Amino acid sequence: MSTTPAGGTDPHLLDDLRWRGLIAHSTDLDALGDALRAGSVRFYVGFDPTAPSLHMGHLVQILTARRLQQAGHAPYALVGGATGMIGDPRDSGERTLNSAEVVAQWVERIRGQIEPFLDFDGPAAATMVNNLDWTAGLSAIDFLRDIGKHFPVNRMLARDVVKRRLEDGISYTEFSYVLLQSMDFLELHRRHGVSLQFGGSDQWGNLSAGVDLVRRADGAHVHAFATPLLTRADGTKYGKSEGGALWLDPELLSPYAFFQFWLNVEDEKVGELLRVFTFLSREEIEDLEQRSAAEPHRRHGQRALAREVTTLVHGAEETARIEAASAALFGGGDLVELAVPTLAAALREAGAVEVAAGPELPTIVDLLVASGLAASKGEARRTVGEGGAYLNNTRVTDPDHRPARTDLLGGTWLVVRRGKKRFAGVEVR
RNA sequence: GGCAGGUUGUCCGAGCGGCCAAUGGAAGCGGACUGUAAAUCCGUCGGCGUAUGCCUACGCAGGUUCGAAUCCUGCACCUGCCA
């Protein structure tokens, strides 16, 4: 992970990106390669504030930006205060507009999530930009004359997203989104000499529209590429399960749960994810793939992946705590054998709650609900009935079962488990 | 503006006066087999809880009826055809 010396650029950048599978679509790759080798390129990648946090999909873009910067190119990270007010068309239908206050708040949170990944000093220093800066004061007349004139509606209608949405309907607002994003590229090109944009493959239409606009408006040739859409082995999207998206914000998804996600990745996907989400070298990744293939049950790849990505997002200290917690909880050994401080630390990582107990301790059903492992008492009863409830790693089959005081580990802790891998700690006081 | 059709649980989609907390998929959750993997098989899938019970739910608000997701009226939104 060495940064290229001041002023220089890494001539192998494009090859590395291609090896990692990060280029799913692109404008002329030879031209892009020439530009990247010729000197430091100013590039941009945009993030729309459509939620309070970025997630796994955005992480691909953040890390790709970091790769480009480490190779000597200058990032412009755009948080879409303007585009976030509009919303780009998606297949699932028309978006609900968010208020200006909410968008502004999300812009700040997202900026804060991106900044740690980029270097704001040095010859390829990063810059944060907000497209509200050049759209807020723009008049509708200027917009229609200067930007709109370059967008033939017949071609806009031919875009895949738009075609699919024509059945169920699409507002003029979302239909116009592509003009705003294209204008961002034009503005950044004019203001800062930005000549490359990348984004997710679902953004390819917007990316290439921006390239077209810069050419039509200014006669300049700029570049774009799209990273691939990552899917699970069965072709479905990530994040549809596990109760939601893989958020980067620790308040929306605990670092422990984040780590567990990566650890549980399918064998077939480990190599791909290591290439996209880690800064391990080609040699290291190929070695991990070989060792994983040789002894898959050891999950070498998954462990490295979980450690690397969690370290990038949540830091080395937190990752070390999580690994210790996982080892304790999944160790398979007797929980009674664990030192209490170790157990307590592990449970706090996995998620722990305090419960005030009277003369009697709560029932297993109440413990499942209190710990958040079950959403309702009905669900908790069902879990017990299905044989999925465990107390201190022993299956409980009676929904009215109450642990005794002597079951408390270290005098205060109960380990509640639902299913094979969802743990929570309950601290009884 | 006129006419027609539509709005059901996380999603898709049946139901068209009582047998409807609502058929069937999918997702989710649990179990078995494994490796905290995949595939497969089985179970489960509104809440309170155990009461032939109550509460909430079939776009929103009213009405008809002993009884409505189902019928009527108004409103909102969506789709199609005609202007």
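Here is the naming used below: chain letters follow the sequence lines, and residue numbers restart at 1 for every chain. Quantities reported herein were computed from a predicted structural model and do not represent experimental measurements.
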Distance-only, no hydrogens or angles: does the [X] side chain make a donor-acceptor pair with backbone N or O of [Y] under 3.5 Å?
| X | Y | answer |
| --- | --- | --- |
| H150(A) | I147(A) | no |
| Q69(A) | D119(A) | yes |
| Q113(A) | L54(A) | yes |
| D249(A) | E251(A) | yes |
| N392(A) | D407(A) | yes |
| T310(A) | R307(A) | no |
| T27(A) | A224(A) | yes |
| K421(A) | F330(A) | no |

Mind checking the [atom1] distance from [N] to [M]? Whole angstroms is fine.
| N | M | atom1 | result |
| --- | --- | --- | --- |
| G28(B) | U10(B) | P | 16 Å |
| U65(B) | G18(B) | C1' | 11 Å |
| U7(B) | C16(B) | C1' | 15 Å |
| C71(B) | C58(B) | C1' | 16 Å |
| A26(B) | G13(B) | C1' | 11 Å |
| A69(B) | C20(B) | P | 12 Å |
| A14(B) | G59(B) | P | 15 Å |
| G5(B) | A51(B) | P | 49 Å |

Is the base of G43(B) touched by the side chain of E386(A) through a donor-acceptor pair closer than 3.5 angstrom? yes

What I want to check is whether the side chains of Q197(A) and N206(A) have a donor and an acceptor closer together than 3.5 Å. no

If you assign each of V369(A) and R418(A) to its closest nucleotide in RNA chain B, which residue comes earlier from the 5' end? R418(A)

For R422(A), which contact category applies under a 4.0 Å heavy-atom criterion: base, sugar-phosphate, or nothing? sugar-phosphate

Which protein N or O atoms sit under 3.5 Å from an N or O of nucleotides 23-26 of chain B?
none

Salt bridge between [X] and [Y], side-chain N to carboxylate O under 4.0 Å?
| X | Y | value |
| --- | --- | --- |
| D212(A) | R215(A) | yes |
| E272(A) | R275(A) | no |
| R282(A) | E286(A) | yes |

Take atom [atom1] of [X] and atom [atom2] of [N], then tell me their distance rounded to the nearest Å.
| X | N | atom1 | atom2 | result |
| --- | --- | --- | --- | --- |
| E379(A) | C48(B) | CD | C1' | 15 Å |
| H300(A) | A37(B) | NE2 | P | 16 Å |
| R417(A) | C29(B) | CZ | P | 15 Å |
| F423(A) | G30(B) | CZ | P | 12 Å |

Just need the stems in RNA chain B: three or more back-to-back Watson-Crick or G-U pairs, each with both distances under 3.5 angstrom, sorted by first number. B:1-7 with B:76-82, B:10-12 with B:24-26, B:28-32 with B:40-44, B:46-48 with B:53-55, B:59-63 with B:71-75

Between G47(B) and S376(A), is there an OP1 or OP2 to side-chain N/O distance shorter than 4.0 Å? yes

Under 4.0 angstrom between K421(A) side-chain N/O and A37(B) OP1 or OP2: yes

Could you pull out the protein-nucleic contacts involving nucleotides 49-55 of chain B (nitrogen or oxygen on both sides, under 3.5 Å)?
residue	atom	partner	partner atom	Å
G49(B)	OP1	K377(A)	NZ	2.8

With sequence neighbours left out, write down each residue that passes side chain to side chain donor-acceptor pair (under 3.5 Å) with T363(A), or none if nothing qualifies. D366(A)

Evaluation steps, side chain to side chain donor-acceptor pair (under 3.5 Å), between W134(A) and D184(A): CA-CA 8 Å; W134(A) 52 83; D184(A) 289 343; 2.9 Å; yes

Protein-nucleotides 32-35 of chain B N/O pairs closer than 3.5 Å?
residue	atom	partner	partner atom	Å
A32(B)	OP1	R395(A)	NH2	3.4
U34(B)	N3	K420(A)	NZ	3.2
U34(B)	O4	K420(A)	NZ	2.0
G35(B)	O6	D267(A)	OD2	3.3
G35(B)	N1	D267(A)	OD1	3.3
G35(B)	N1	D267(A)	OD2	2.6
G35(B)	N2	D267(A)	OD1	2.6

Partner set under side-chain contact (heavy atoms from CB on, under 4.5 Å) for R303(A), not counting sequence neighbours: L263(A), R299(A)

